[in-house]
Each structure stands twice: as C-alpha cells, then as structure tokens.
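Each chain gets a letter, A, B and so on, in the order its sequence line appears, and its residues count up from 1.
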2 protein chains.
Amino acid sequence: MTAQARYRLIAEELRAAVRQGEYRDGGRLPSEEGLAQQYGVSRGTVRQALAVLRAEGTVTSRRGTRRVALESPPLHDFAELLSFSRWARSQGLEPGSRTVRQEWHPAGPEEAAQLRLPQGAQLFRVVRLRLLDGRPAMVERTAYPQAVGELVAPLPADTFSVTEQLERVGVLLTDADHTVDLTVADPQDAELLGCAPGAALLRERRRTTDPAGAPVEWSEDRYLPGVMAFTVHSSRAVPGLGRHSADGP
Amino acid sequence: MTAQARYRLIAEELRAAVRQGEYRDGGRLPSEEGLAQQYGVSRGTVRQALAVLRAEGTVTSRRGTRRVALESPPLHDFAELLSFSRWARSQGLEPGSRTVRQEWHPAGPEEAAQLRLPQGAQLFRVVRLRLLDGRPAMVERTAYPQAVGELVAPLPADTFSVTEQLERVGVLLTDADHTVDLTVADPQDAELLGCAPGAALLRERRRTTDPAGAPVEWSEDRYLPGVMAFTVHSSRAVPGLGRHSADGP
DNA sequence: TAGTGGTCTAGACCACAGC
DNA sequence: CTGTGGTCTAGACCACTAT
C-alpha cells in the first residue's frame with residue numbers, strides 16, 4: 001500500500017475514484033491539465049499516474065478526447081501471482097501445503113534451458129501438494145538453481161509460502177513469464193489430487209527472474225478443474241499477453 | 001511495423017538489438033544518457049522507449065544499475081490476440097472458419113452483464129468452428145451488441161477474420177479482458193470438434209472494448225487440447241495478469 | 001564517491017475529435 | 001476553431017548500487 005512517489009499516490013486516488021463510479025456519467029475523466037491543477041503537480045506527473053491506470057485497464061486513452069473509465073476486473077498484486085498462499089488468502093480461502101518430495105538433482109534438458117544452466121547442473125527440486133480449505137487443489141513442481149536451492153532446502157517442510165521466505169532473505173522476484181494450457185494427470189498427480197490418471201488439469205508453467213534477469217525458479221503447477229482461472233487485460237497500447245502454438249514457447 | 005513516434009522507432013531498434021544478443025555479455029544496456037546521445041534525442045524520449053521494453057519483458061530496470069536484457073518469448077501483436085485467423089497465419093498455419101449458426105437473440109444474463117446491456121436487449125450471436133490446416137481446433141461463440149451486429153450480419157458466412165472486417169469499417173478494438181480456464185465439451189462442442197462429450201477443453205472468455213470503453217464483443221472460445229497455449233509476461237513494475245477463483249470474474 | 005535509473009518540472013508543438 | 005491527449009525537450013534533484 002505504501003507508495004512514495006506522487007504519481008503512484010495520484011494513481012491510487014484516481015483508481016479508487018474510478019472504481020467507486022466517480023466518473024460514471026459518460027465515464028469521462030477530467031483533463032490532464034485539470035488534474036494537474038487539482039493535485040498541484042505538473043502535467044507530466046499526472047501523465048505518469050494515468051499511464052499506470054491505462055496499463056491496468058482502468059482507463060482508456062485516445063488523442064482528442066478525454067480519458068474514459070473502464071469497468072475492469074479487480075487487480076491483483078504481483079506478489080499474489082507468484083505465491084499460492086498469498087493468492088489463496090486474498091480470495092478468502094485457507095491455503096495449505098504439503099511437501100511431497102525434495103531433492104538435489106542434475107538439471108534435465110527443460111530445466112536447464114529454463115533456468116539457463118548447463119545440462120546436469122545441480123538444482124533443487126521440490127514437489128508440493130497445495131490445498132485450499134483443506135482440499136487438494138494443485139500440484140506444484142519447482143526447480144531452483146543451486147544458490148536459491150541452498151536457501152530453500154533448510155526451510156521447514158510445511159513452510160506455507162516459500163516465495164515470502166525468499167523475499168525475507170533478500171531474493172527479489174521482479175519478472176515472470178507464464179504459459180497456460182491444458183495437460184493430463186500423471187499417476188503422481190492423480191494420487192495427490194485424488195483424480196483419475198489421465199484426467200484433464202489446468203497447467204501453468206512459470207519462470208521467475210530477479211532484477212538482474214537471472215532465473216530464480218522454474219515451476220509447473222497443475223490445478224484441478226474449477227479451482228482457478230487466469231485473467232489478463234491486454235490493450236493495443238500495452239501488449240503483454242500472447243497466444244502460442246501448443247507446448248510453446 | 002510503421003511507428004511514427006521517435007520513441008517507438010528507438011524501442012524497435014533496441015528490441016531488435018536485444019533479441020539478436022547485442023548486449024548479451026552480462027546483458028547490460030548502455031545508460032539512458034548514452035542512448036540519448038547515440039540517438040540524438042533527450043533522455044525523456046529514451047525513457048519512453050525503455051518503458052515499452054520494460055512492459056514487454058524485454059529488459060528489466062532497477063535504480064542504481066544499468067538495465068539488463070531479458071530472454072523473453074516472442075512478441076505478438078495485439079491484433080493477433082483478437083483474431084484467430086491472424087494468429088494462425090503468424091504461426092505458419094492455415095486458418096479456416098465455418099459459421100455454424102448466426103441469429104438475432106435477446107441477451108441472456110451473462111451476455112447482458114458482459115456487454116453492459118439490459119437483459120433481453122437484441123444482440124447478434126454467432127457460433128463458428130475454427131480450423132487449423134483443415135482440422136477442427138476451436139469453437140467460438142460470440143455475441144455482438146446491436147450496432148456491431150448489424151455490421152457483422154451481412155458478412156459472408158465464410159469470412160475468415162471478422163475482426164479485420166470490423167476494423168475496415170472503422171470499429172476500433174483497443175482493450176480486452178481475458179479469462180482462461182478449463183471446461184468440458186457440451187454435445188455441440190463434441191460434434192463440431194470431433195471429441196467426446198465431456199472431454200476437457202481449454203477455454204478463453206474475452207470481452208473486447210473500443211476506445212470509448214464500450215463493449216464490442218463478448219466471446220467464449222473452446223480449444224481442443226494441444227492446439228494452443230497462452231503466454232504472458234508479468235512484472236512488479238507493470239501488473240496486468242491475475243489469478244482468480246474459478247469461474248470469475 | 002561516481003554512475004545510474006526514478007521522479008518531477010515547465011514549457012513547447014503536434015495530431016486528432018468534436019463542435 | 002477549441003480542447004484534448006501524444007510527443008519531445010532541457011534541466012533539476014533524489015535514491016540506490018557498486019566500487
């Protein structure tokens with residue numbers, strides 16, 4: 001919630017106003033010049049705030065006319081995207097976690113490519129069963145490069161949010177690439193989730209990197225149907241979402 | 001490809017340089033001041049260009065150190081996200097389309113909510129079977145509000161890209177909200193796609209809006225497994241992706 | 001301490017929408 | 001034509017990283 005920069009504060013205020021329907025009559029916001037005077041800042045600062053809202057999908061923008069308020073889905077913290085536990089709590093659900101297995105293991109081809117390590121490099125693999133309100137919801141298979149693995153390995157097996165622990169130790173997660181598609185339950189999935197082998201699961205694969213661009217984790221999460229959905233806003237101005245051929249990239 | 005603004009040209013050049021591994025030795029880009037001199041523009045313009053690349057996931061940024069080039073998945077046009085045909089062609093696949101049914105119909109509750117129309121308002125419904133290289137790939141059920149429907153209705157039934165046609169008539173699509181999850185084939189899906197009823201399908205629901213924020217289409221697309229995957233980049237700086245409880249929002 | 005990106009200002013001109 | 005957002009400039013100061 002803390003946001004020092006003026007433009008972030010202004011963005012928060014405007015976002016709240018838009019969500020509360022402040023500008024619902026036609027949906028048009030005040031002009032940039034008007035907002036600048038209202039907040040006592042320069043137009044540039046107002047534009048920075050509005051750029052945030054445009055990227056979120058909270059407002060549109062178009063040369064010649066005032067900005068328009070959009071109805072948009074509720075926002076999620078970046079952190080909620082990386083941490084199952086944080087996400088669950090934000091949804092009012094009780095997260096649970098059971099570590100099924102963890103081990104040091106040489107990197108396979110996919111892991112090596114995703115973590116940008118030579119094949120066979122030592123990495124730390126963890127398989128966890130994630131629960132929502134006590135019921136199995138997702139199987140998570142994560143691989144950490146050696147340096148990160150050495151921080152993860154000593155954590156108690158029932159650690160809820162590894163992500164939060166990593167942040168506490170100073171590992172910063174700033175960017176992630178996600179791929180979402182469909183897969184089928186293998187025998188281990190089936191046993192852990194309590195579904196039939198071969199049953200369809202929603203799959204998210206994710207590579208997370210730190211500010212230096214170095215991969216911090218590579219994870220494949222498999223959700224039971226009906227548990228979770230991904231949402232994303234895309235706009236001509238700010239791309240980001242993509243549609244790819246199966247199993248890519 | 002055309003990009004008038006200087007910062008867009010600079011962004012394109014830098015993107016190309018990064019993708020070609022220009023800055024791979026450690027991955028650090030020149031300083032903003034350096035780039036400004038190199039391109040003969042002010043630092044502000046360079047920063048605009050870099051903001052584009054940061055939002056894409058092409059570079060990171062962090063106070064105190066130079067920017068770092070990220071390995072990131074290939075980019076997709078916003079247009080490719082909205083148009084199945086355009087996307088297919090960009091993947092080197094031959095798109096096909098068969099209109100299964102189209103009709104004027106009063107809006108149901110979901111349609112009304114998504115298109116922000118009163119329940120029972122007339123809208124134009126279209127069901128299409130989409131093909132890739134001649135094989136069934138996806139079933140698309142789209143609803144258009146009346147004004148848009150009147151533009152879509154007269155199009156020939158085998159029109160490949162309705163989206164492209166709409167743009168040609170001056171309908172601008174600028175923003176979209178996507179929800180991705182898993183569903184099961186109903187009898188119509190099964191017949192069209194040639195799968196078993198009850199088989200799992202990857203589902204994308206999408207509301208597209210114009211620059212004024214008015215909904216232009218509401219669509220539910222159901223893909224056969226193995227045909228398609230969604231990718232998205234998320235970062236602490238530029239949120240956008242979300243994870244939601246099932247069936248929401 | 002030097003270099004870098006983050007924030008903010010004050011002004012200018014342009015392209016486009018809508019009257 | 002007027003008002004609006006889009007682009008660009010030239011400068012300033014600050015917060016942070018790395019040495």
Side-chain angles (χ1 to χ4, degrees), chain A residues 2-12 14 23 26-55 58-70 170-172 174-175 210-214 235-238, chain B residues 2-12 14 23 26-55 58-70 170-172 174-175 210-214 235-238:
Chain A
T2 49
Q4 301 174 336
R6 301 263 232 136
Y7 79 87
R8 289 191 189 278
L9 295 171
I10 295 171
E12 275 183 26
L14 287 175
Y23 306 112
R28 298 171 66 211
L29 272 70
S31 71
E32 295 177 354
E33 203 52 65
L35 288 169
Q37 288 181 17
Q38 180 183 327
Y39 286 103
V41 298
S42 76
R43 191 181 153 214
T45 302
V46 166
R47 281 182 63 79
Q48 262 185 297
L50 290 168
V52 172
L53 303 187
R54 185 190 56 181
T58 300
V59 303
T60 58
S61 64
R62 193 182 171 206
R63 202 164 5 204
T65 37
R66 290 203 177 169
R67 286 185 162 78
V68 169
L70 284 182
V171 177
L172 294 175
T174 57
D175 287 78
D210 70 10
S235 84
R236 184 154 247 118
V238 186
Chain B
T2 49
Q4 302 174 336
R6 300 262 233 139
Y7 78 88
R8 289 192 188 279
L9 295 171
I10 295 171
E12 275 182 26
L14 286 174
Y23 306 112
R28 298 170 66 210
L29 273 69
S31 71
E32 296 178 352
E33 202 53 65
L35 288 170
Q37 287 181 18
Q38 180 182 327
Y39 286 104
V41 297
S42 76
R43 192 182 154 213
T45 302
V46 166
R47 280 183 63 79
Q48 261 185 297
L50 289 169
V52 172
L53 303 188
R54 187 189 54 181
T58 300
V59 303
T60 58
S61 65
R62 192 183 172 205
R63 211 179 339 221
T65 35
R66 290 203 177 168
R67 285 186 163 80
V68 168
L70 285 181
V171 177
L172 293 176
T174 57
D175 286 78
D210 70 11
S235 85
R236 185 154 245 119
V238 186

To the nearest angstrom, the CD1-P distance between B:Ile10 and D:dT7 comes to 12 Å
From the candidates C:dC8, D:dG5, C:dG5, the one with an atom nearest any side-chain atom of A:Arg6 is C:dC8
Among D:dC8, D:dG6, C:dC8, the one nearest any side-chain atom of A:Ala5 is C:dC8
Atom CD of B:Glu33 and atom P of C:dA2 are separated, to the nearest Å, by 18 Å
message = Considering every strand and a 4.0 Å limit on heavy-atom distances, what is the contact class for B:Arg62: base, sugar-phosphate, or nothing?
response = sugar-phosphate
From the candidates C:dT4, D:dT4, D:dT7, the one with an atom nearest any side-chain atom of A:Ser31 is D:dT4
Look at all strands and tell whether A:Arg63 reaches a base, only sugar-phosphate, or nothing, counting heavy atoms closer than 4.0 Å.
base
Of the listed D:dG5, D:dT7, C:dC8, the closest approach to the A:Tyr7 side chain comes from C:dC8
Note: for A:Leu172 and B:Val46 on DNA chain D, the residue whose nearest nucleotide lies more 5' is B:Val46
Compare all side-chain heavy atoms of B:Asp210 with those of B:Val171 and state whether any distance is below 4.5 angstrom.
-> no
Picking from C:dC8, C:dG5, D:dT9, the nucleotide nearest the side-chain atoms of B:Ser42 would be D:dT9
Heavy atoms under 4.0 Å, any strand shown: does A:Arg43 hit a base, just sugar-phosphate, or nothing? base
Pick base, sugar-phosphate or nothing for A:Arg67, based on heavy-atom distances below 4.0 Å to the nucleic acid. sugar-phosphate
With the side chain defined as heavy atoms from C-beta on, B:Arg66 is closest, among C:dT7, C:dT4, D:dT4, to C:dT4
Any donor-acceptor pair under 3.5 Å from A:Thr60 side chain to B:Pro211 backbone | yes
The reported gap from CZ in A:Arg54 to CZ in A:Arg67 (rounded to nearest 0.5 angstrom) is 7.0 Å
Walking DNA chain C from its 5' end, the first of B:Glu32 and A:Thr45 to be reached, judged by nearest nucleotide, is B:Glu32
**Asked** Do A:Leu14 and A:Leu35 have side-chain heavy atoms sitting under 4.5 Å apart?
**Response** yes
